[in-house]
Amino acid sequence: MKIDRISDFLKSHLIIITTIFLIKFLILRFLLFDELNITKTIVLESSYILIFTSIIELISIKGKPYFYLLLNIIFSALFLTFILYHSFFGRIITYFALFQLGQVDTINESITAILKPVYMLFFIDIIIFIILLLFRKYPLASKPLSKKLIVMPVLVLALSISFTNFMVHKDEMINNNVVAAEEKGILNYEALQIYAGSGSRIKIDVDVSVKKVSELKDKIRLIKGIKRIPNEQRNYFSAAEGRNLIVIQVESMQNFTIGLKVGGKEVTPNLNKMLKNSFYFPNTFQQTGPGNTSDAEFIVNTSLYPVAFNPTSQIYGDKKFPSLPRLLKSKGYTTMTFHADDIEFWNRDDLYPALGFEKYYARDFFGNEDVIGIGPSDEVLFEKALPVLEKHHQKRQLFYAHLIGLTSHHPFSLPKDKGVLELPDKFSGSLTGAYLQSINYVDRAIGDFTEDLKKKGIYDKSIIVIYGDHFGLQQSAISKEDVELVSDLLGHEYKDLDRLNIPFIIHAPGITDGKTFEKTSGQLDFMPTIANLLGISLEEQVVFGQDLLNYDKNLLGVRYYLPVGSFFNEELLFIPEKGFEDGTAYNIVTGKKISDFDKYKKDYIRVLKLEKISDIYMKGLPER
């Protein structure tokens, strides 16, 4: 009799479905963490699975196979999401990112590009089960287990183990969220994120009040280790006062493309020419969060850190941000932004009013002309924006125009007639080759736009700012062959320093005289630098960046595409692992590892404080 009971138990839905889930977890952990540890998988993941399967056993009498099938589909889809998100972003997805699921349709080409046949392993059993159900030959028609003697004890045990695992790791701080999920268990990590939220646990002794701007600014400068420079003592202060501001955000543009020649051909000939009469900051790094392009727009216009694990536009779209558009509006400027995508993408219909833009032009303005990838081409963007700018120029109305490009978005699917850059055969069919073609196309579009501005008389009366929003080639999202191609272009191994390095160019005819500033800079610094040139005082503005024309030292945090606590200073890039002690430091010039980095721990603490202050400050801002 006991043997029969054991046999029924082993053949039960509870055990067989749990075993299938454990196998899928084993595959998932191998793909995410490159480990194949059965014991660790059972210890860390099985209790959460048993909670779900036990609940189905308790509440389901009829249609049990269908409940299990539904659970299997949900978990398999979730596992695939984990893999795709990690491949694209290098991070473990958290429940916060569920807010982003509405964006999937817009980037379906990018998702399709990173799919691999091995991911079908999560769905093979589902297909088999569905076929068997259709033919009424479902294999698990076992006797129901005793709820009192078996199912309830299993559920209580699973809940106890899960709770114990949760409590053991509750207060454990691991900066790298991939390592955190590996060591705490994937589902346990998700539960811990729901419990802890996205905020840093570091303590600060700063009164973060939106009503005490001068005191807060003093504290921020103190933490950063810089001093206040009065406006009248600043280099280039008001040098471009009274000019229009045209800011061009280039999708996925990395700095290595600037000045690059491939097969004897310049990838960015127009920008290279522009640099001869520009201020160029080649050591600039992205600081975006999960909002990617929209986060770049946010940072550039506020000089505030984006939210760590959410798109800022979705969390704080109801706020009224002190911003560059609002400052310029107070100086008589008309402010507008142009983006050829749907206005709802990344909640821009909330973001733009939150930033204080008076007018925004989106997909309904640009229409469906010359669509490439996710929207109308950058040529269309510039061609249709130009008459709007000309109208303001003719009225002698100063304007700030922020133009957001789309065409060079991953997976860089440029039509053949627009990809005119002659590349060596080794780039044929590669993502790297497609990327270079896209950047070359955008360079031509910018060159044509600049010439049009000259013809309309706008060029000489404007500042033109050009920068990349974020990287285009993520190591985990491209093939080994593409990594090698990029490494060959760079002349060294393609590393995080290269991936996060974006161009920042300021072009003001007659003012910017071809200087290159090698200092470390980030997207937080764009607004203070632009404001300085335009003669806009930031005395009453809380900013976390600094004017690059007047400060040399810098300290910049990155907490999404690198682990929380990562930072750049004028000497190195530091990336923590579990914490500071087991982190890795790279010389910002040579890219070589620095073994002795203990003296930089104060910078690590300072960056965490700055990010925490930014979070609290934004949370306290008034709603619109």
Side-chain angles (χ1 to χ4, degrees), residues 236 238-250 270-271 273-274 277-279 297 300-301 323-341 343 348 352-353 355-370 375-407 442-467 505-512 526-527 529-536:
Y236 296 100
S238 73
E241 186 174 4
R243 290 200 181 197
N244 302 308
L245 174 61
I246 300 171
V247 177
I248 301 172
Q249 179 171 298
V250 182
N270 292 289
L271 291 179
K273 182 179 177 182
M274 185 180 284
N277 296 289
S278 301
F279 290 161
E297 295 172 73
V300 169
N301 284 292
S323 65
L324 185 58
R326 287 196 165 91
L327 285 171
L328 290 173
K329 183 180 179 181
S330 70
K331 298 293 183 181
Y333 281 70
T334 292
T335 61
M336 50 195 150
T337 183
F338 299 82
H339 187 46
D341 201 356
I343 191 63
R348 286 185 172 88
Y352 293 148
L355 293 175
F357 281 107
E358 296 173 272
K359 181 72 175 176
Y360 52 79
Y361 298 86
R363 185 64 175 266
D364 57 350
F365 172 77
F366 293 99
N368 293 309
E369 180 183 347
D370 195 28
S377 69
D378 286 358
E379 287 176 282
V380 172
L381 170 74
F382 294 130
E383 287 171 2
K384 292 202 171 184
L386 184 65
V388 179
L389 306 188
E390 184 184 10
K391 180 180 177 181
H392 290 288
H393 173 66
Q394 289 175 345
K395 292 180 179 180
R396 297 185 178 181
Q397 169 66 58
L398 288 172
F399 61 80
Y400 165 31
H402 198 181
L403 298 104
I404 315 301
L406 272 178
T407 305
V442 176
D443 176 82
R444 294 198 309 275
I446 291 174
D448 292 343
F449 179 57
T450 303
E451 290 303 313
D452 288 339
L453 291 174
K454 291 178 181 178
K455 293 174 184 177
K456 301 298 183 182
I458 302 172
Y459 173 79
D460 288 322
K461 298 179 180 179
S462 302
I463 295 181
I464 302 173
V465 176
I466 301 170
Y467 65 93
I505 301 166
I506 300 177
H507 183 71
I511 298 171
T512 52
F526 294 2
M527 176 184 167
T529 307
I530 294 167
N532 178 70
L533 281 164
L534 290 173
I536 306 293

Chemist: Test: salt bridge (charged side-chain N to carboxylate O under 4.0 Å, His left out). Region: residues 442-452. Which pairs qualify, not counting sequence neighbours?
Modeler: E451-K454
Chemist: So do the side chains of E383 and S377 get within less than 4.5 Å of each other, counting heavy atoms only?
Modeler: no
Chemist: Does some side-chain heavy atom of I248 sit less than 4.5 Å from a side-chain heavy atom of F449?
Modeler: yes
Chemist: State, to 0.1 Å, how close P325 and T335 come at their nearest heavy-atom pair, and which atoms those are.
Modeler: O-CG2, 3.5 Å
Chemist: Going by ring-ring contact (aromatic ring centres under 6.0 Å, His included), name the residues that satisfy it together with H339, two or more places apart in sequence or in a different chain.
Modeler: none
Chemist: I'd like to know whether L327 forms a side-chain contact (heavy atoms from CB on, under 4.5 Å) with L534, so could you lay out the CA-CA distance, the side-chain angles of the two residues, the decisive distance to 0.1 Å, and finally the verdict.
Modeler: CA-CA 11 Å; L327 285 171; L534 290 173; over 6 Å; no
Chemist: So, does D378 use its side chain to make a donor-acceptor pair with the main chain of L406 at under 3.5 Å?
Modeler: yes
Chemist: Are a donor atom and an acceptor atom from the side chains of H507 and S278 found within less than 3.5 Å of each other?
Modeler: yes
Chemist: What's the separation between atom CD1 in I246 and atom CD1 in I466, rounded to the nearest 0.5 Å?
Modeler: 10.0 Å
Chemist: Tabulate below the donor-acceptor pairs under 3.5 Å that side-chain atoms of residues 359-366 make, not counting sequence neighbours, or state none.
Modeler:
residue, atom, partner, partner atom, Å
R363, NE, G367, O, 3.1
R363, NE, N368, OD1, 3.3
R363, NH2, N368, OD1, 2.9

Chemist: Quick one: pull up OG in S330 and CG in L328 and give me the separation to the nearest 0.5 Å.
Modeler: 7.5 Å
Chemist: Under the salt bridge (charged side-chain N to carboxylate O under 4.0 Å, His left out) rule, what pairs show up with a residue in residues 384-399, not counting sequence neighbours?
Modeler: E369-K384, E390-K456
Chemist: Under 3.5 Å, side chain of S323 to main-chain N/O of N301, donor-acceptor pair present?
Modeler: no
Chemist: Kindly state each residue pair satisfying salt bridge (charged side-chain N to carboxylate O under 4.0 Å, His left out) with at least one member in residues 326-335, sequence neighbours excluded.
Modeler: none
Chemist: Just wondering, do L386 and L453 contact through their side chains at under 4.5 Å, heavy atoms?
Modeler: yes
Chemist: Less than 4.5 Å apart, any side-chain heavy atom of L355 and any of T337?
Modeler: no
Chemist: Side chains of T450 and N270: closer than 4.5 Å at any heavy-atom pair?
Modeler: no
Chemist: Could you tell me whether Y400 and F357 have their ring centroids closer than 6.0 angstrom?
Modeler: yes
Chemist: Does the plane of the ring in F399 sit parallel, tilted or perpendicular to the ring in H392? Use 30° and 60° as the thresholds.
Modeler: tilted
Chemist: I'd like to check the side-chain contact (heavy atoms from CB on, under 4.5 Å) partners of V300; sequence neighbours left out, ordered by chain and number.
Modeler: Y467, F526
Chemist: When you compare the side chain of I446 with that of V250, does any pair of heavy atoms fall below 4.5 Å?
Modeler: yes
Chemist: Where do F279 and I511 come nearest, in terms of heavy atoms and distance?
Modeler: CZ-O, 4.2 Å
Chemist: Roughly how far, to the nearest 0.5 Å, is the OG1 atom of T512 from the CD1 atom of I505?
Modeler: 10.5 Å
Chemist: Would you sort out whether Y333 and I536 count as a side-chain contact (heavy atoms from CB on, under 4.5 Å), showing the intermediate values?
Modeler: CA-CA 12 Å; Y333 281 70; I536 306 293; 5.5 Å; no
Chemist: Please step through side-chain contact (heavy atoms from CB on, under 4.5 Å) for the pair K461 and L398, ending with a clear verdict.
Modeler: CA-CA 9 Å; K461 298 179 180 179; L398 288 172; over 6 Å; no
Chemist: Might you point out which heavy atoms bring A385 and L403 nearest each other, and give the distance in Å?
Modeler: CB-CD2, 3.6 Å
Chemist: Between I463 and I530, is there a side-chain heavy-atom distance shorter than 4.5 Å?
Modeler: no
Chemist: side-chain contact (heavy atoms from CB on, under 4.5 Å) for L324 and L245? Distances and angles first, verdict last.
Modeler: CA-CA 11 Å; L324 185 58; L245 174 61; 3.9 Å; yes
